[in-house]
Amino acid sequence: MYPETDPYDEGMLDVGDGHRVYWEVCGNPDGKPAVVIHGGPGSGAGSWWRRYFDPAKYKVVLMDQRNCGRSTPDAAEPDVDLSTNTTAHLIADLEQLRQQLGIGKWLLLGASWGATLGLAYAEQHPEAVSEIVLFSVTNTTRREVDWVTRNMGRVFPEEWERFRDVVPADQRDGNLALAYSRMLHDADPAIRERAARAWCDWEDTHIATHPNYKPDSRYDDPVFRMRFARLVTHYWGHAAWLEEDVLVRKAGKLAGIPGVLIHGRLDISSPPDIAWRMAQAWRDAELHLLEQAGHGAGGVGMRELILAALDRFAQS
């Protein structure tokens with residue numbers, strides 16, 4: 001990966017509804033514009049994202065999505081209101097930031113939830129997108145949410161029962177993400193913390209399907225843990241407010257936009273058929289399935305393919 005570079009510009013964008021979204025720009029001010037769309041929801045745009053880009057060739061924009069990272073208010077705060085944090089809001093935030101920075105078209109780099117948001121943004125604003133690079137591809141459909149919150153129990157039965165049994169008995173047969181979301185906003189801080197810990201324990205379990213997986217140390221931070229769990233359950237509980245399979249059905253809007261989809265064969269929590277179906281519908285995208293990779297960028301060959309795609313698009 002490239003050496004880390006410091007931002008040469010940054011700020012807080014007032015996007016309305018009491019939200020201020022953090023953004024930064026690094027690399028070459030005259031380089032090819034690109035924007036990072038981080039995962040989670042709620043992970044924030046860590047500085048390591050900058051290292052995928054050649055700083056001499058790219059002008060890289062990082063943005064912390066609503067209520068996470070350095071954006072305010074923080075979803076970890078006890079009285080936070082998430083009602084004005086939806087996929088539609090995040091799409092509008094990205095477009096507002098693009099216009100404020102005077103960027104005509106930018107390349108999208110996204111992962112996991114960032115793949116869902118990146119595809120949703122590109123299908124709504126294809127004229128603003130030059131290329132798309134996505135890894136650990138998701139569409140955040142109800143089918144996918146049910147798979148990861150319920151059906152993955154077939155792979156990790158003991159761990160899933162612990163995860164399910166944190167929820168009150170009368171809610172265990174329903175929408176588990178929404179049940180957790182309710183607990184994470186309970187007036188009792190002990191209930192909130194128990195739910196945050198259990199949710200993040202399950203997150204660390206269902207993606208641990210590839211060799212040399214290491215638990216995510218970010219979950220040791222109680223503030224990050226609460227922020228992340230609240231935002232993920234908020235989005236998953238509503239299937240990201242997207243019509244079922246809409247991203248595949250509307251993939252024709254991406255015609256003419258070159259894309260690279262990179263996915264691990266061992267990514268059981270986000271099965272490879274998600275990326276495969278998108279590649280079938282979006283003919284300008286090339287799909288790479290890596291045999292020894294799981295969810296995230298740590299699998300064998302994953303970083304190399306991301307870097308190769310970005311280096312190639314830097315020339316266009």
Side-chain angles (χ1 to χ4, degrees), residues 1-17 19-74 85 87 89-122 124-135 227 231 257-260 297 303 306-316:
M1 297 177 73
Y2 288 97
E4 190 166 315
T5 56
D6 293 327
Y8 65 79
D9 195 11
E10 61 186 334
M12 298 291 288
L13 180 65
D14 187 342
V15 292
D17 308 312
H19 290 276
R20 300 182 75 229
V21 170
Y22 173 83
W23 59 270
E24 64 183 37
V25 189
C26 62
N28 182 352
D30 299 317
K32 181 185 181 73
V35 62
V36 167
I37 306 180
H38 68 70
S43 293
S47 61
W48 57 271
W49 281 98
R50 306 171 194 159
R51 299 189 58 200
Y52 285 117
F53 299 90
D54 183 339
K57 296 179 179 178
Y58 275 102
K59 173 181 181 176
V60 184
V61 180
L62 277 70
M63 184 188 84
D64 288 335
Q65 296 159 24
R66 292 192 183 201
N67 298 120
C68 74
R70 292 146 289 188
S71 296
T72 61
D74 189 341
N85 189 339
T87 303
H89 288 104
L90 300 188
I91 291 172
D93 294 350
L94 280 164
E95 186 60 6
Q96 184 177 339
L97 179 59
R98 182 186 69 84
Q99 294 178 15
Q100 174 170 303
L101 296 177
I103 293 172
K105 289 189 175 188
W106 52 9
L107 174 149
L108 311 183
L109 173 64
S112 192
W113 156 251
T116 295
L117 180 57
L119 290 166
Y121 171 83
Q124 189 165 326
H125 298 283
E127 74 289 343
V129 179
S130 57
E131 300 92 5
I132 304 174
V133 179
L134 304 175
F135 60 98
R227 175 191 304 136
L231 286 169
I257 301 175
V260 176
R303 287 194 178 99
I306 299 167
L307 288 163
L310 292 173
D311 286 347
R312 169 157 53 97
F313 288 144
Q315 312 303 322
S316 58

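Numbering starts at 1 and runs along the sequence shown.
- Note: Trp23 CH2 to Leu94 CG = 14.0 Å, rounded to the nearest 0.5 Å.
- Contact check for Arg66 versus Ser71: no side-chain heavy atoms found under the 4.5 Å cut-off.
- Rounding to the nearest 0.5 Å places CG of Asp54 at 6.5 Å from CG of Asp311.
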Evaluate the criterion side-chain contact (heavy atoms from CB on, under 4.5 Å) for residue pair Leu97 and Val21; output intermediate values, then yes/no. CA-CA 9 Å; Leu97 179 59; Val21 170; 6.0 Å; no
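- Looking at every heavy atom in both residues, Gly118 comes nearest to Ile37 through CA-CD1, 3.6 Å.
- Listed here is the closest heavy atom pair of Ile132 and Ala122: CD1-CB, 3.7 Å.
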Which pairs would a plain distance check flag for residues 105-116, meaning a side-chain donor or acceptor within less than 3.5 Å of a matching protein atom at least two apart in sequence or in another chain?
{"unit_1": "Trp106", "atom_1": "NE1", "unit_2": "Tyr121", "atom_2": "OH", "d": "3.3"}
{"unit_1": "Ser112", "atom_1": "OG", "unit_2": "His295", "atom_2": "NE2", "d": "2.9"}
{"unit_1": "Trp113", "atom_1": "NE1", "unit_2": "Gln65", "atom_2": "OE1", "d": "3.1"}
{"unit_1": "Thr116", "atom_1": "OG1", "unit_2": "Thr138", "atom_2": "O", "d": "2.9"}
{"unit_1": "Thr116", "atom_1": "OG1", "unit_2": "Thr138", "atom_2": "OG1", "d": "2.7"}
{"unit_1": "Thr116", "atom_1": "OG1", "unit_2": "Asn139", "atom_2": "N", "d": "3.4"}
{"unit_1": "Thr116", "atom_1": "OG1", "unit_2": "Thr140", "atom_2": "N", "d": "3.4"}
{"unit_1": "Thr116", "atom_1": "OG1", "unit_2": "Thr140", "atom_2": "OG1", "d": "2.8"}

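- Side-chain contact, Gln99 with Glu95: a donor N or O sits under 3.5 Å from an acceptor N or O.
- Taking the six-membered ring where the residue is Trp, Phe135 and Trp49 present tilted rings, their angle falling between 30° and 60°.
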Go through Leu307 and Tyr52 one step at a time and tell me if the side-chain contact (heavy atoms from CB on, under 4.5 Å) criterion holds. CA-CA 6 Å; Leu307 288 163; Tyr52 285 117; 4.2 Å; yes
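- Separation of atoms CE (Met63) and CZ (Arg98) is listed at 13.0 Å; rounding is to 0.5 Å.
- Scanning both residues, Arg227 and Asn67, for their nearest heavy atoms gives CG-O, 3.7 Å.
- Between Asn85 and Leu90, the closest side-chain pair of non-hydrogen atoms falls below 4.5 Å.
- Judged as a salt bridge (charged side-chain N to carboxylate O under 4.0 Å, His left out), the pairs with a partner in residues 56-65 (not counting sequence neighbours) are, in order, Asp64-Arg70.
- With values rounded to the nearest 0.5 angstrom, Phe53 atom CZ is found 10.5 Å from Lys32 atom NZ.
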Mind listing the side-chain donor-acceptor pairs of residues 5-16 below 3.5 Å, one per line with the distance, residues two or more places apart or on another chain?
{"unit_1": "Glu10", "atom_1": "OE1", "unit_2": "Tyr22", "atom_2": "OH", "d": "2.6"}
{"unit_1": "Asp14", "atom_1": "OD1", "unit_2": "Gly16", "atom_2": "N", "d": "3.0"}

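- Proximity of His19 to Pro73: side-chain heavy atoms (C-beta onward) are separated by under 4.5 Å at one or more points.
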Could you go step by step and tell me if Arg50 and Glu24 meet the side-chain contact (heavy atoms from CB on, under 4.5 Å) rule? CA-CA 11 Å; Arg50 306 171 194 159; Glu24 64 183 37; 2.8 Å; yes
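- Of all non-hydrogen atoms in Pro258 and Ser130, the two that sit nearest each other are CD-O, 3.3 Å.
- A pairwise comparison of heavy atoms in Gly42 and His38 identifies N-CE1, 4.2 Å as the closest pair.
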